[in-house]
Amino acid sequence: MATANKNLSQYDRAQIPDASDLEIGIVVSEWNEAITEALYQGAHSALLECGVAEDRITRWNVPGSFELTHGCKKMIEETGPDAVIAIGSVIRGETKHFDFVCSATAQGIKDLNVLTDTPVIFCVLTDDTLQQAQDRSGGKHGNKGTEAAIAAIKMAVLGR
């Protein structure tokens, strides 16, 4: 397990580049809202802690994880952020729907990273159970949203 013995919320603030002049977009899936809202809170808090001004953080909501790619693309085109964080949560069910949504979402985010100059950070939990999602959205493994915010800052600065 990739999160074994790792807290997703831990980072060394001294190792994070200056983020005070960055514009960060966050696109949040409304599906599995309790999980995605917790991920958003983790990302938002970390961005503020690292110096991103509140008015330089833009949030858009989309219906589900499958729609994250389009939401991120439109945000890049319309607001021109330095980086975008795509937040979603897909929990395995009884059908193959999970596999299709996870694969398409990962491919879509990857495509945006190849086709645009704006880094898009993949903060989509793909868990087998609700408990696993809770553990990674502020539970025993920390918050993947925090980790995504730090990645967004680092990638935005790398692109300059």
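Keep in mind that what you see is a predicted model, and the values were worked out from it rather than measured.
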Any side-chain heavy atom of [X] within less than 4.5 Å of one from [Y]?
X	Y	result
E49	Y11	yes
I153	P17	yes
K144	S137	no
V84	I76	yes
T118	D82	no

Query raised in the report: Take atom CD in E33; do more than 12 heavy atoms of anything else shown fall under 6.0 Å from it?
Result: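 At most 12 heavy atoms, drawn from other residues, nucleotides or ligands, come within 6.0 Å of this atom.
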
**Report entry** Over 12 non-hydrogen atoms of neighbours within 6.0 angstrom of CZ in F122
**Finding:**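 Above 12, so yes.
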
Are [X] and [Y] in one and the same hydrophobic cluster, where Ile, Leu, Val, Met, Phe, Trp and Tyr link if side-chain heavy atoms are under 4.5 Å apart?
X	Y	answer
V90	I26	no
V62	V120	yes
V27	L115	no
I35	I121	yes
I57	M155	yes

Looking at every non-hydrogen atom in both residues, tell me the closest pair between [X] and [Y] and how far apart they are.
X	Y	result
S89	T36	N-CG2, 3.8 Å
C102	T126	SG-CG2, 3.4 Å
E78	W60	OE1-CH2, 3.6 Å
A152	I85	CB-CG1, 3.8 Å
N143	G42	ND2-CA, 3.7 Å
S29	G88	CB-CA, 3.9 Å

If you measure from [atom1] on [X] to [atom2] on [Y], what distance do you get to the nearest 0.5 Å?
X	Y	atom1	atom2	result
C123	L39	SG	CG	4.5 Å
D99	K96	CG	NZ	6.5 Å
N32	E30	CG	CD	12.0 Å
S20	L22	OG	CG	7.5 Å
I24	L47	CD1	CG	6.0 Å
L68	S65	CG	OG	5.0 Å

Does any pair with a residue in [range] pass ring-ring contact (aromatic ring centres under 6.0 Å, His included), and if so which ones, sequence neighbours excluded?
range	result
residues 68-109	none
residues 73-96	none
residues 15-54	Y40-H44

Report task. Decide yes or no on side chain to side chain contact (heavy atoms under 4.5 Å, CB included) for I87 and V124, but give the supporting numbers first. Result -> CA-CA 5 Å; I87 294 179; V124 180; over 6 Å; no

Requested in this report: List in chain and number order the residues that pass side-chain contact (heavy atoms from CB on, under 4.5 Å) with D127, two or more places apart in sequence or in another chain; answer none if no residue qualifies.
Outcome: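 For D127 the side-chain contact (heavy atoms from CB on, under 4.5 Å) partners, ignoring immediate neighbours, are L125, Q132, A133, R136.
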
Query raised in the report: Do N113 side-chain atoms and P119 backbone N/O form a donor-acceptor pair below 3.5 Å?
Result: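 Side chain of N113 to backbone of P119, a donor-acceptor pair under 3.5 Å: no, none is there.
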
**Report entry** M75 backbone acceptor or donor facing T79 side chain under 3.5 Å
**Finding:**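 At least one qualifying donor-acceptor pair exists.
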
**Report entry** Salt bridge R59-E54, side-chain N to carboxylate O under 4.0 Å
**Finding:**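 Looking at E54 together with R59, the answer is no, because their closest N to O distance does not fall below 4.0 Å.
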
Report task. Just jot down the salt bridge (Lys or Arg N to Asp or Glu O under 4.0 Å) partners of E23, sequence neighbours excluded, or say none. Result ->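 Once residues adjacent in sequence are excluded, the partners of E23 under the salt bridge (Lys or Arg N to Asp or Glu O under 4.0 Å) criterion are R56.
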
Requested in this report: List for me each residue that meets salt bridge (Lys or Arg N to Asp or Glu O under 4.0 Å) alongside K110, sequence neighbours excluded, and say none if there are none.
Outcome: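 Expected list: none.
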
Report task. Apply side-chain hydrogen bond (donor to acceptor under 3.5 Å, both in side chains) to D135 and Q131, showing your working. Result -> CA-CA 6 Å; D135 290 346; Q131 184 62 57; 2.7 Å; yes

